[in-house]
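The chains referred to below are lettered A, B, ... by the order of the sequence lines, with proteins before strands, and numbering in each begins at 1. The basis for the numbers below is simple: all heavy atoms, side chains too, and nothing from hydrogens, waters or symmetry mates.
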Number of protein chains: 2
Amino acid sequence: MAIKKDASKNIKEVLRDQINGKLLLPLQKLPSERELSELFSITRISVKSALDSLEIEGLIYREDRRGWFVSPPRVKYNPLSRCHFHQMISEQERIAETQLLGVKSMMAPSSIATILALSELTPIHVLERLRYIDGRAVLFVENCLISEFFPDILSENLAQSLTTLYEKKYGFKNSRSHFDFIPTSAPEHVAHALNIRPGQQILKICRVNYNQHHQIIDCEFEYWRPDAVIISIDNRESF
Amino acid sequence: MAIKKDASKNIKEVLRDQINGKLLLPLQKLPSERELSELFSITRISVKSALDSLEIEGLIYREDRRGWFVSPPRVKYNPLSRCHFHQMISEQERIAETQLLGVKSMMAPSSIATILALSELTPIHVLERLRYIDGRAVLFVENCLISEFFPDILSENLAQSLTTLYEKKYGFKNSRSHFDFIPTSAPEHVAHALNIRPGQQILKICRVNYNQHHQIIDCEFEYWRPDAVIISIDNRESF
DNA sequence: ATTGCCATATGGTCTAGTCCAAACTATTAT
DNA sequence: ATAATAGTTTGGACTAGACCATATGGCAAT
């Protein structure tokens, strides 16, 4: 009786072995849920439950109504480094792309006003961008800029590094950033952009940036596909 | 037709509203899955799916065969601060406890040897500890110490701060730490200790510590209940 | 070549149950 | 009082289907 496992444990172990043993390669499609349920003689619900679990582990991911696929290796991401996104990714021999989804100008809603430490009605620009690694959408980014710091920014190419733009066009240097990392679920608009289910787990990063005059100039919300990233931080002391 | 929602969306929204509106308070028990399925006239599977989703969001958590409960607010955790766990928690007016689960002495397996940059067979001590906030087990910690750096450490009280012990007994100061933050799922022994399902999402933190001589002396694996924590890091530049 | 349409494959969601194991509770025997 | 026991409640796991919405690819009309 020690050999016999739960149905879902068995399929999980088999698939994990296949992936770890490189019999299933990154980006490769798994058999459909119906095929798996026949192969393992279990119902589709049990198959789904096993796949859900492997998804949480970060081994596979789903594309809505297309199927299940093996996750590529995670990229290392050091938010504290000066390095731009594209540079950081290409150093890992992966290909990064950035797509500008849209720009809105509005009054800061209370949730954002709190983060930006605004005490009165203040206009902001909100950029929505989607970032790809090796062609897969893995990161949804929302930048909220305090408009008065960035006159005429909307005429620039906003698919590039904002940090560079801040410095070249406005002379801003980063003096401080604050980061919050929160394991939570994807809001509707994020889920849609990343082609994941609303409510799926995600790693949310809230970043607040200060310029060289110690003023908060913008904040950023990053939503990472949880299987795509390792946050990697090195902390050397200066003493 | 715009009013009618999916069954699971409806129950999710109702429960989320109840929690956000403080009608359901932290640590309070939700009605049982069977009661909810009757209340909302949906099957238990749909109820479970909605609860799963709220769990991922971090609003509720389950205790095996006991029920579903409203998550307390997240604690802020800054791994880069010098601050001890107990101090950090009590500054947030929460109560921290630490329980030593066990100590093993062994040869470093390859996975750990790699992290500790060991090139040959090396004895290590492995401490397993469980940390509670307000009586709830939220953090499983595994410390892997290179034995030769810590003679006689097993005779000490290991439920206290290890950092303090390193300094007082061995004169070690931390000169550098490296952190990896990985959203993944709970391994079996971790799930058991935290009373969560094997395979449930977790935030894993791998930490490697260097002493004042720039030697790696130990590493630590932290497994956080994902609804219990916000990682909060402040990055001031020195230029 | 392009466009529009349709069939198919696929995952998303749901119904209506069953059986099981662990946690808890109330009762009973000592 | 204490300990053993039996019943109840609870979530965990599963069966065996159903219908829906969308992504895709092939085909036909333009």
Contacts under 3.5 Å, N or O only, protein and nucleotides 25-27 of chain D:
none

Hey, can you tell me if B:H189 and B:Y223 have their rings parallel, tilted or perpendicular (30° and 60° cut-offs)? perpendicular

Using whole Å, report how far NZ of B:K12 lies from P of C:dG12. 14 Å

Flag yes if more than 12 heavy atoms outside B:L23 fall under 6.0 Å of its CG atom; otherwise flag no. yes

For B:Q28, side-chain hydrogen bond (donor to acceptor under 3.5 Å, both in side chains) partners two or more places apart: none

Would you find a donor on one side and an acceptor on the other, under 3.5 Å apart, between the side chain of B:S49 and the backbone of B:I45? no

NZ or CZ of B:R136 within 45° of B:F69 ring axis and under 6.0 Å: no

So how far is it from B:L139 CG to B:L194 CG, rounded to the nearest 0.5 Å? 7.5 Å

Rounded to whole angstrom units, what separation is found between the CG atom of A:L30 and the P atom of C:dT10? 12 Å

Interatomic distance, B:E35 CD vs D:dG11 C1' [rounded to whole Å]: 13 Å

Apply the test side-chain contact (heavy atoms from CB on, under 4.5 Å) to residues B:E142 and B:L101: give CA-CA distance (whole Å), side-chain angles for both, the deciding distance (0.1 Å), then the verdict. CA-CA 10 Å; B:E142 224 165 20; B:L101 295 179; over 6 Å; no

Nearest whole angstrom, please: distance from the P of C:dT13 to the NZ of B:K9. 9 Å

May I ask you to verify whether the side chain of A:R197 and the base of C:dG12 hold a donor-acceptor pair under 3.5 Å? no

Are the charged groups of B:E55 and B:R62 less than 4.0 angstrom apart, N to O? yes

What is the separation between atom CD1 on B:I196 and atom C1' on D:dG11, rounded to the nearest whole Å? 15 Å

May I ask you to decide if the ring planes of A:W224 and A:F85 are parallel, tilted or perpendicular, using 30° and 60° as cut-offs? tilted

Measure CG/A:N10 against P/D:dC14 and give the value in whole Å, please. 10 Å

Between A:R74 and B:T184, does the side-chain contact (heavy atoms from CB on, under 4.5 Å) criterion hold? Intermediate values first, please. CA-CA 11 Å; A:R74 296 171 187 265; B:T184 185; 4.0 Å; yes

Does anything in residues 51-63 of chain B come within less than 4.0 Å of DNA chain D? Heavy atoms only, and list the residues if so. B:R62

Kindly check if the number of other-residue, nucleotide or ligand heavy atoms within 6.0 Å of CD (A:E38) is above 12? no

Any residue of residues 36-49 of chain B with a heavy atom less than 4.0 Å from an atom of DNA chain D: B:R44, B:I45, B:K48

Distances under 3.5 Å between protein N/O atoms and the N/O atoms of nucleotides 21-23 of chain D, please, pair by pair.
unit_1 : atom_1 : unit_2 : atom_2 : d
D:dA21 : N3     : A:R65  : NH1    : 2.8
D:dT22 : O4'    : A:R65  : NE     : 3.2

Residues B:F179, B:L80; criterion side-chain contact (heavy atoms from CB on, under 4.5 Å); working and verdict: CA-CA 9 Å; B:F179 298 90; B:L80 271 54; 3.5 Å; yes

Nucleotide D:dA16, atom P - distance to CD of A:E33 in whole Å: 18 Å

Sorted by chain and residue number, the side chain to side chain contact (heavy atoms under 4.5 Å, CB included) partners of B:P109 (sequence neighbours excluded) come out as B:M106, B:S111, B:I112, B:I124

